[in-house]
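Predicted model, so just to flag it, every value in this text is computed and none were measured.
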Amino acid sequence: QVQLVESGGGLVQAGGSLRLSCAASGRTFSTYAMGWFRQAPGKEREFVAGISWSGGKTLYADSVKGRFTISRDNAKNTVYLQMDNLKPEDTAVYYCASERRKFGAVVAAQDDYDYWGQGTQVTVSS
């Protein structure tokens with residue numbers, strides 16, 4: 001059974017940084033693209049960042065480009081999201097997800113992800 005467990009969320013002031021981690025098990029982690037999504041109160045869940053199975057390609061939402069960095073360590077079955085210069089509008093529950101196709105492309109569409117973590121809360125105060 002595939003499990004994705006996020007950690008690293010918390011409360012931070014605007015301009016601060018957080019690093020989220022997502023530990024994966026139950027699937028050959030190194031052969032699947034991974035993504036981070038977020039859902040703010042009263043809003044739809046949205047794509048934040050994605051990374052290819054090898055780590056060689058990344059994709060970012062315009063709202064986080066230049067501030068967030070996605071990376072992965074296939075030896076540790078873990079994907080990371082480094083979030084810098086955080087803004088109050090980044091407040092949301094952050095989810096990691098595994099793309100459904102082996103060696104699939106990095107994509108932003110949620111329907112292309114089949115396993116999801118439980119989420120971790122990020123709150124940015126102004």
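- A cation-pi arrangement, defined by a distance under 6.0 Å to the six-membered ring centre and an angle within 45 degrees of its axis, is absent between Arg72 and Tyr80.
- With hydrogens and angles disregarded, a donor-acceptor distance shorter than 3.5 Å links the side chain of Ser52 to the backbone of Lys57.
- Between Thr91 and Val124, the shortest heavy-atom contact is OG1-N, 2.9 Å.
- A donor-acceptor pair under 3.5 Å is absent between the side-chain atoms of Thr123 and the main chain of Leu11, judged by distance alone.
- Between the OG1 atom in Thr31 and the CH2 atom in Trp53 there is a gap of 8.5 Å [rounded to 0.5 Å].
- In this structure a side-chain-to-backbone donor-acceptor pair under 3.5 Å is present from Thr78 to Lys76.
- Taking 4.0 Å as the cut-off between side-chain N and carboxylate O, Arg27 and Asp114 count as a salt-bridged pair.
- Under the 4.5 Å side-chain heavy-atom criterion for ILVMFWY residues, no single connected hydrophobic cluster contains both Leu18 and Val93.
- Side-chain atoms of Asp84 and Gln82 form a donor-acceptor pair, as typed in the model, at a separation below 3.5 Å.
- Closest approach of Leu20 to Tyr94, counting heavy atoms only: CD1-CB, 3.6 Å.
- A heavy-atom distance below 4.5 Å is found between the side chains of Ile70 and Val79.
- Considering every non-hydrogen atom in both Thr58 and Tyr60, the closest pair reads OG1-CE1, 3.5 Å.
- Among the candidates Tyr115, Tyr32, Phe29, the single residue satisfying the side-chain contact (heavy atoms from CB on, under 4.5 Å) test with Val2 is Tyr115.
- The heavy-atom pair separating Tyr95 from Gly117 by the smallest distance is CD2-O, 3.5 Å.
- Listed by chain and number, the residues in a side chain to side chain donor-acceptor pair (under 3.5 Å) with Gln118 are Glu6 (sequence neighbours excluded).
- Rounded to the nearest 0.5 Å, atoms OG (Ser71) and CE (Met34) are 12.0 Å apart.
- Taking the six-membered ring where the residue is Trp, Phe37 and Tyr113 present perpendicular rings, their angle passing 60° and hence far from 30°.
- Phe47 and Phe68 fall into different hydrophobic clusters, defined by Ile, Leu, Val, Met, Phe, Trp and Tyr side-chain heavy atoms under 4.5 Å apart, directly or through other members.
- Each of Trp36 and Val106 belongs to its own hydrophobic cluster when Ile, Leu, Val, Met, Phe, Trp and Tyr are linked at side-chain heavy-atom distances under 4.5 angstrom.
- In this structure, Gly104 and Ala33 approach most closely via the heavy-atom pair O-CB, 4.0 Å.
- Interatomic distance, OG of Ser126 versus CD of Gln13, reported as 9.5 Å (0.5 Å rounding).
- A distance of 9.5 Å separates CG in Leu81 from OG in Ser21, rounded to the nearest 0.5 Å.
- No continuous path of hydrophobic side-chain contacts links Ile51 to Leu59 [ILVMFWY only; heavy atoms under 4.5 Å].
- Across every non-hydrogen atom of Cys22 and Leu4, the tightest pair is SG-CB, 4.0 Å.
- By the 6.0 Å and 45° rule, Arg45 stacks over the aromatic ring of Trp116.
- Distance alone, capped at 3.5 Å, is enough to place a donor-acceptor pair between the Ser54 side chain and the Gly56 backbone.
- Under the side chain to side chain donor-acceptor pair (under 3.5 Å) criterion, Asp90 pairs with Arg38, Arg67, not counting sequence neighbours.
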